[in-house]
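Small disclaimer: the values here were computed from a predicted structure and weren't measured. Every heavy atom of this structure was used, including side-chain atoms; hydrogens, water molecules and symmetry mates were not. Lettering follows sequence order; numbering is per chain, from 1.
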Number of protein chains: 2
Amino acid sequence: MSKPAASNLLDSAVPCCPPMAQQRVGAAAATELAVAFKALGDPVRLQLMSMIASAPGGEICVCDLTPSFEVSGSTISHHLKTLREAGLVDAERRASWVYYRPRPALMRQLATLLTPAGDDLTPS
Amino acid sequence: MSKPAASNLLDSAVPCCPPMAQQRVGAAAATELAVAFKALGDPVRLQLMSMIASAPGGEICVCDLTPSFEVSGSTISHHLKTLREAGLVDAERRASWVYYRPRPALMRQLATLLTPAGDDLTPS
DNA sequence: CGTCGAGCTTGACATGTATCGAATCCGCGT
DNA sequence: ACGCGGATTCGATACATGTCAAGCTCGACG
């Protein structure tokens, strides 16, 4: 559990991703970033991601996620795995329960990437 | 061409989408937003989107997009249709050529949605 | 130990998607 | 009118994905 997450975007020293409105995304970067966007490209996963990202205390138990959906527990687990492998969330087992927390680094990269031309982004 | 784009997020008066780190995304909103993320969840489409978003002059001809990829022209056209129907780009035919331009409104919504907790977003 | 509950994994299936070639459409020149 | 080149659409096919039921793993607690 909590694999290193295939993407090397997370630990890459390269600034990597200015807004796509300012610079084209190369083929290699596109392949990696598309994994993250694809992970968000499902209604269930998007809701899961939002529930994890907005969790008070910074983390949330799977047992608090599952009851919010119509789909089966195994399906939720499968979606969570997708989010994990995309590098968007991190999981940790404590006692009988598994807790998920967001990984803001990638979220911020995606947000920056989508910033339209002329928009300001988190001015220091 | 240039269909109304199924999403009602574009012309909706509702503020709609605070950062997901601040508020859970509802099932209905998730279904619509997931369409946009899914559209970006393919390497070719992500590059296409970045080429359109970064186009000098705010628009770019399909004939300038197609040669950058290995895939066939019909495949590019299909991907562009996906981006159009997701509300991310707009197309216009002029003479023999079709020009694509970005739709910053949705881009900004997605960027805002992904803004992590504690981050500042384009302060007015 | 044994078993119980929470979550993950596996196997299977139906649906969706990416891709291509061929056909079609649409302006433009000749 | 005719053909040409750019772009989209159509039909077909191989592959990926979402979903579930069933089985498995890991701690906890008697």
Side-chain angles (χ1 to χ4, degrees), chain A residues 1-3 5-6 27 30-32 34-49 51-52 55 59-86 88-101, chain B residues 1-3 5-6 27 30-31 33-49 51-52 55 59-86 88-101:
Chain A
M1 190 163 307
S2 75
K3 278 241 305 274
T31 300
E32 296 202 24
V35 174
F37 282 121
K38 191 187 304 184
L40 297 172
D42 178 274
V44 173
R45 283 197 298 266
L46 190 55
Q47 283 183 90
L48 283 170
M49 185 68 213
M51 293 172 76
I52 296 169
E59 63 181 18
I60 187 169
C61 176
V62 173
C63 59
D64 290 326
L65 294 171
T66 307
S68 298
F69 300 89
E70 298 297 321
V71 300
S72 73
S74 69
T75 298
I76 296 293
S77 194
H78 189 245
H79 283 313
L80 288 171
K81 181 179 185 179
T82 301
L83 290 173
R84 248 184 296 139
E85 293 179 343
L88 286 164
V89 301
D90 203 2
E92 179 189 356
R93 172 160 216 137
R94 284 207 303 276
S96 286
W97 297 276
V98 177
Y99 293 85
Y100 278 76
R101 80 173 96 265
Chain B
M1 192 164 308
S2 75
K3 279 240 306 271
T31 301
L33 290 163
V35 174
F37 283 121
K38 191 187 304 186
L40 296 173
D42 178 275
V44 173
R45 283 197 298 267
L46 190 54
Q47 285 183 88
L48 283 171
M49 186 67 213
M51 293 173 75
I52 295 169
E59 64 181 17
I60 187 170
C61 175
V62 173
C63 59
D64 290 327
L65 294 171
T66 306
S68 297
F69 300 88
E70 298 297 322
V71 300
S72 74
S74 69
T75 298
I76 295 294
S77 194
H78 191 243
H79 282 312
L80 288 171
K81 181 179 186 177
T82 301
L83 290 173
R84 248 184 294 138
E85 292 179 343
L88 286 164
V89 302
D90 203 3
E92 179 190 355
R93 173 161 218 137
R94 284 206 303 276
S96 285
W97 297 276
V98 176
Y99 293 84
Y100 278 76
R101 76 170 55 84

Presence of [X] side-chain N/O under 4.0 Å of [N] phosphate oxygens OP1/OP2:
| X | N | result |
| --- | --- | --- |
| B:R45 | C:dA18 | yes |
| A:Y100 | C:dG7 | no |
| B:K38 | C:dT17 | yes |

> Are any side-chain N or O atoms of B:T66 and backbone N or O atoms of B:V62, one a donor and one an acceptor, separated by less than 3.5 Å?
Replying inline: yes
>> Would the distance check show the side chain of B:T75 and the main-chain N or O of B:V71 forming a donor-acceptor pair, the cut-off being under 3.5 Å?
In response: no
> What's the verdict on side-chain contact (heavy atoms from CB on, under 4.5 Å) for A:Q47 and A:F69, showing C-alpha distance, side-chain angles and the deciding distance?
Replying inline: CA-CA 9 Å; A:Q47 283 183 90; A:F69 300 89; 3.8 Å; yes
> So which of A:V98, A:L65, A:V44 actually passes side-chain contact (heavy atoms from CB on, under 4.5 Å) with A:L80?
Replying inline: A:L65
Spacing between [X] atom [atom1] and [N] atom [atom2], to the nearest angstrom:
| X | N | atom1 | atom2 | answer |
| --- | --- | --- | --- | --- |
| B:D64 | D:dA7 | CG | P | 8 Å |
| B:E85 | C:dT17 | CD | P | 11 Å |
| B:D42 | D:dA16 | CG | C1' | 12 Å |
| A:L65 | C:dC8 | CG | C1' | 15 Å |
| B:E92 | D:dT8 | CD | P | 13 Å |
| B:R93 | C:dC28 | CZ | C1' | 11 Å |
| A:Q47 | D:dG18 | CD | C1' | 15 Å |
| B:R94 | C:dC26 | CZ | C1' | 16 Å |

> Could you give the distance from CZ (B:F37) to CZ (A:R45), rounded to the nearest 0.5 Å?
Replying inline: 12.0 Å
> Choosing from D:dT8, C:dG7, D:dT9, which nucleotide comes nearest the side chain of B:V98?
Replying inline: D:dT8
>> Checking contacts here: which listed nucleotide (C:dA6, C:dT19, D:dT8) is nearest the side-chain heavy atoms of A:W97?
In response: C:dA6
> Residues from residues 71-79 of chain B sitting under 4.0 Å of DNA chain C, heavy atoms only?
Replying inline: B:V71, B:S72, B:S74, B:T75, B:H78, B:H79
>> Using the rule side-chain hydrogen bond (donor to acceptor under 3.5 Å, both in side chains), only one of B:R84, B:E92, B:E59 pairs with B:Y100; which is it?
In response: B:R84
> Within 45° of the six-membered ring axis of A:Y99 and under 6.0 Å from that ring's centre, is NZ or CZ of A:R94 located there?
Replying inline: yes
> Start at the 5' end of DNA chain D and walk down; is the nucleotide closest to A:E70 or to A:S96 reached first?
Replying inline: A:E70
